[in-house]
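In what follows, a single structure is set out as structure tokens and then discussed.
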Amino acid sequence: RGACCFISDLHLTVDMPHTLAKFETFCQDIAPHYKSLLILGDLFEYWVGDDTADANPAAMRVISALIKLKQRGLFIGFIAGNRDFLLREQFARRAGMVPLPDPCILKINGHAVLLTHGDQLCTKDTGYQAYRRVVQIRLIQKLFLMAPLALRNALARRMRKKSQQREYNAEAHARRLIKQDVPAQSAAQWFDKHHVRYMIHGHTHQPSTHLTFDTTRIVLPDWDCENEDKTRWGYIDWSDQAEEPRLIVHSK
Ligand code: OKV
Ligand code: MN
């Protein structure tokens with residue numbers, strides 16, 4: 001039985017029924033081969049408080065899928081993403097997940113591995129980093145979570161709608177991909193600061209293995225299985241025997 005597998009950026013919501021179903025299949029058929037499942041953020045498309053979980057069918061299905069894994073003896077770690085940063089201990093516990101700080105260092109097969117969602121690495125996206133500094137303030141989070149559900153939902157819907165407004169021009173699209181990627185410099189800084197040679201993260205939706213002469217950085221894929229002809233999902237496998245982690249991306 002393999003050691004560890006990693007997923008991130010599933011962006012689960014009832015509005016994405018095929019992606020949700022793929023996650024359930026993954027939990028049934030693939031995850032049980034591992035001792036641990038590490039979820040590196042953006043498991044959910046949006047999260048406006050643990051008190052909304054009972055009214056969220058996607059959250060209820062995630063609970064039943066993950067609890068089954070926990071009952072089979074898996075350790076399920078969870079690092080919050082920029083979408084589900086308000087997911088707290090209460091929901092994590094219901095889903096059998098152990099919340100982990102961002103970043104955190106895990107020892108895997110004798111290697112110290114830096115795990116992070118990845119949004120903090122995107123230093124060229126100054127607009128996003130400014131927004132992040134505001135919504136990461138504990139008092140702001142507390143006030144948001146105290147607000148009536150209707151207000152939270154309205155605010156969240158408006159923010160999601162605004163971020164969905166995308167350019168249809170190829171050049172602008174290419175620029176955004178670069179702006180929202182991880183600069184090699186910030187990755188190098190994190191490797192130095194944390195004294196590790198391995199880093200695993202998601203967030204950029206640009207799955208890849210980035211090698212330098214002494215570091216390995218693996219970026220997880222996002223999941224989108226809504227369009228039958230153009231699906232994508234995947235994970236990172238780090239088996240007991242394997243020296244190196246392996247990125248597995250299924251895309252059509
Ligand atoms: C999460 C993102 C929507 C990016 C708002 C304080 C505020 C929390 C919040 C509201 C939005 C999370 C909680 C969501 C991430 C988006 C759109 C783009 C780029 C406040 C605390 F505004 F009142 F200060 N939010 N939701 N985005 O819908 O899940 O990260 S969300
Ligand atoms: Mn993200």
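Residue numbers start at 1 and run along the sequence shown. Everything quoted here is computed from the prediction, not taken from an experiment. In listed order, ligands and their atoms are each counted from 1.
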For the side chain of Glu89 and the backbone of Val98, is there at least one donor-acceptor N/O pair under 3.5 Å apart?
no
Quick one: report the N, O or S atom of His203 that is nearest to the Mn ion (ligand 2).
ND1
Considering only distance and modelled atom types, tabulate donor-acceptor pairs under 3.5 Å from the side chains of residues 245-252, sequence neighbours left out.
none

Using every non-hydrogen atom in the two residues, find where Gly202 and Val219 come nearest and quote the distance to one decimal.
O-CG1, 4.2 Å
Could you confirm whether Asn82 has any N/O/S atom lying under 2.8 Å from the Mn ion (ligand 2)?
yes
Centroid-to-centroid, Tyr235 to Phe6, below 6.0 Å?
no
Check whether the ring centres of Trp47 and Phe91 lie less than 6.0 Å apart, and answer yes or no.
yes
Pairs under 3.5 Å, nitrogen or oxygen of ligand 1 with protein nitrogen or oxygen:
residue	atom	partner	partner atom	Å
ligand 1	28 (O)	Arg160	NH1	3.4
ligand 1	29 (O)	Trp47	N	3.1
ligand 1	29 (O)	Arg83	O	3.3
ligand 1	30 (O)	Asn82	ND2	2.8

Does any N, O or S atom in Asp42 come within less than 2.8 Å of the Mn ion (ligand 2)?
yes
Should Phe26 and Trp223 be marked as a ring-ring contact (aromatic ring centres under 6.0 Å, His included) after you check the CA-CA gap, both sets of side-chain angles, and the distance that decides it?
CA-CA 12 Å; Phe26 172 83; Trp223 288 34; 5.5 Å; yes
Assess Arg217 against Tyr198: is NZ or CZ under 6.0 Å from the centre of the six-membered ring, and within 45 degrees of the ring's axis?
no
